[in-house]
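Here is the structure we will look at.
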Amino acid sequence: FIDTGAMESPTMLVRRGFANVVLGRMEDALEDARRAEGISPEWPTAHYLQGMALIGLGMELDGHEKLRIAASLEAQRTGRN
């Protein structure tokens with residue numbers, strides 16, 4: 001579905017990215033998360049996944065920043081500013 005080029009779905013990218021996190025393939029997870037963010041930049045889940053992957057790659061500061069951005073976006077979406 002993802003690699004056919006017919007349509008890129010941020011949901012599918014994040015699901016595959018999460019599977020990559022579970023499998024310890026952080027670079028693949030980060031790539032999928034970045035692609036998902038490119039499609040839906042205001043979607044918190046893409047940022048959460050990036051944070052997880054960055055932390056898994058040893059980039060804690062960048063990972064925590066992405067998690068902070070994700071939490072902020074989620075708060076805005078749910079009206080909990």
Side-chain angles (χ1 to χ4, degrees):
F1 178 82
I2 294 172
D3 296 325
T4 63
M7 181 178 106
E8 274 197 323
S9 164
T11 302
M12 293 298 291
L13 287 165
V14 166
R15 287 179 180 178
R16 183 174 71 177
F18 182 74
N20 283 324
V21 167
V22 172
L23 294 171
R25 298 176 2 195
M26 299 301 169
E27 290 176 3
D28 292 335
L30 183 58
E31 181 182 336
D32 283 341
R34 286 182 172 158
R35 285 172 63 188
E37 180 190 0
I39 297 166
S40 296
E42 300 299 318
W43 190 36
T45 306
H47 295 274
Y48 280 124
L49 181 60
Q50 281 186 63
M52 289 171 36
L54 287 165
I55 290 169
L57 289 167
M59 301 169 71
E60 284 84 12
L61 291 176
D62 293 333
H64 287 286
E65 176 63 16
K66 274 296 182 182
L67 294 176
R68 187 194 64 72
I69 290 168
S72 175
L73 288 170
E74 188 170 8
Q76 290 172 13
R77 289 179 74 161
T78 60
R80 290 184 269 150
N81 299 14

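- No donor-acceptor pair closer than 3.5 Å links the side chain of His47 to the backbone N or O of Arg68.
- Among all heavy-atom pairs drawn from Ala29 and Leu49, the shortest one is O-CD2, 4.1 Å.
- Hydrophobic clustering (side-chain heavy atoms under 4.5 Å, transitive across Ile, Leu, Val, Met, Phe, Trp, Tyr) groups Met52 together with Trp43.
- For Glu27, the CD atom is loosely surrounded, since the number of other residues' heavy atoms within 6.0 Å does not exceed 12.
- Val14 and Ala46 make their closest contact through CG2-CA, 4.2 Å (heavy atoms, listed as atom of the first residue, atom of the second, distance).
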### Task
Let me see the working for Leu13 and Ile39 under side chain to side chain contact (heavy atoms under 4.5 Å, CB included), right down to the final yes or no.
CA-CA 10 Å; Leu13 287 165; Ile39 297 166; 3.8 Å; yes
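- Of all the heavy atoms in Tyr48 and Ala71, the pair that sits closest is OH-CA, 3.5 Å.
- In this structure, CZ in Arg16 is found 8.5 Å from CZ in Arg25, a value given to the nearest 0.5 Å.
- Met26 pairs in a side chain to side chain contact (heavy atoms under 4.5 Å, CB included) with only one of the listed residues (Leu54, Leu57, Asn20, Ile55), which is Leu57.
- The two residues Ala36 and Pro10 make their nearest non-hydrogen contact at CB-O, 3.9 Å.
- Counting non-hydrogen atoms of neighbouring residues, nucleotides and ligands closer than 6.0 angstrom, the CG atom of Leu61 reaches no more than 12 such neighbours.
- Between atom CG of residue Leu73 and atom CD of residue Glu37 there is a gap of 9.0 Å, rounded to the nearest 0.5 Å.
- Linking ILVMFWY side-chain heavy atoms closer than 4.5 Å, directly or via other members, places Leu67 and Phe18 in two distinct hydrophobic clusters.
- Counting only heavy atoms from C-beta outward, the side chains of Gln50 and Leu30 approach each other to under 4.5 Å.
- Here Lys66 contributes atom NZ and Arg34 contributes atom CZ; the two are 8.0 Å apart, rounded to the nearest 0.5 Å.
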